J.: 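I have a structure here, written as C-alpha cells, and I will follow up with some questions on it.
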Amino acid sequence: MHGVLREESAQSTVEYAIVTVALSQIGNVGGEPYWSWYGFESRVEWCACFVSWCINQAGYSEPRFAACASQGVPWFKEHGQWAAGNYTDVAPGDVIFFDWDGGGSDHVGLVIGTDGTNVYTVEGNILTASRLYIIYQGQIALRGERDGLRCGFRLRR
C-alpha cells in the first residue's frame, strides 16, 4: 500500500511501535482483548479501548481512555497535545478522532501512514472488527461509511 509507514521512514520509535501494534490487530472481531484489558467484563463500544491498548502495548501507560468525548479529547487538551481539525502534518502514530454529527467526538483511530493525499488509519469497532481505512481529503473513501474527519490529536513523547 502506497504511503503506509515503513520502518526507515518512522519519525520515532514511539510512532513506529504504535503503528506496528495497530497493524498486527487488523481483523480482530469483537474487541475482547481491548475492552477486557481496560477492565470491562462484557462488550462495550471499544474503539477508544483499542487505541489505548495499542499505545500501552507500544510501551506507554497513558493516555488510557475508554470514551472519546468525555475522556480521550480532554486528556489530550489538558496535556497540550490537541490539534483541532484540518491539521496538515498528520503523521504515523497520531491518534485521530471523528465527529460525525457535530456533537463531539464519536470515534477514534490510529494513523498508520499518509501519502500527502490520503491518510491511512487502523480503527477498532468498525462493523465489530479492527479494520484499515483510507481518508481522502477529509472524507472516508472506503465504503462511504464515514462523513469525515473533524478533529484530531497527536501523541508525542
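Quick caveat, the model's predicted, so the values are computed rather than measured. Atom set for the values below is all heavy atoms of this structure, side chains included, hydrogens, waters and symmetry mates excluded.
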J.: Using modelled atom types only, decide if a donor and an acceptor are shared between the side chain of Q71 and the backbone of A66 within a distance under 3.5 Å.
T.: yes

J.: Hey, what do you get for CD (E62) to CD1 (I55), rounding to the nearest 0.5 Å?
T.: 10.0 Å

J.: Among V122, V108, I18, N56, find the one that has a side-chain contact (heavy atoms from CB on, under 4.5 Å) with V51.
T.: V108

J.: Can you tell me how far CZ of F50 sits from CD of Q25, rounded to the nearest 0.5 angstrom?
T.: 6.5 Å

J.: Rounded to the nearest 0.5 Å, what's the gap from OG1 on T121 to CG on L110? Could you check?
T.: 8.5 Å

J.: For the residue pair P63 and S52, what are the closest heavy atoms and their distance?
T.: O-OG, 4.0 Å

J.: Which word best sums up how the rings of W53 and Y34 line up, parallel for under 30°, tilted for 30 to 60°, or perpendicular for over 60°?
T.: perpendicular

J.: Once you round to the nearest 0.5 Å, how far does CD1 of I26 lie from CG of L23?
T.: 5.0 Å

J.: Could you work out, with side-chain hydrogen bond (donor to acceptor under 3.5 Å, both in side chains) as the rule, every residue matching S36, not counting sequence neighbours?
T.: E32

J.: Mind checking side-chain contact (heavy atoms from CB on, under 4.5 Å) for E45 and listing every partner two or more places apart, or none if nothing turns up?
T.: R43, N125

J.: Output yes when a side-chain donor or acceptor of S70 lies under 3.5 Å from a complementary backbone atom of A67, and no otherwise.
T.: no

J.: Does V73 form a side-chain contact (heavy atoms from CB on, under 4.5 Å) with F97? I'd like the steps, not just the answer.
T.: CA-CA 8 Å; V73 171; F97 284 99; 4.1 Å; yes

J.: Rounded to the nearest 0.5 Å, what separates atom SG in C49 from atom OH in Y38?
T.: 6.5 Å

J.: Considering all heavy atoms of both residues, which atom of S105 and which atom of C68 are nearest to each other, and what is their separation?
T.: O-CB, 3.6 Å

J.: Atom CH2 in W82, atom CH2 in W75: separation rounded to 0.5 Å?
T.: 12.5 Å

J.: What orientation do F98 and H107 show, parallel under 30°, tilted 30 to 60°, or perpendicular over 60°?
T.: tilted

J.: Looking only at heavy atoms, which two atoms of P74 and A69 are closest? And how far apart?
T.: CD-O, 3.2 Å

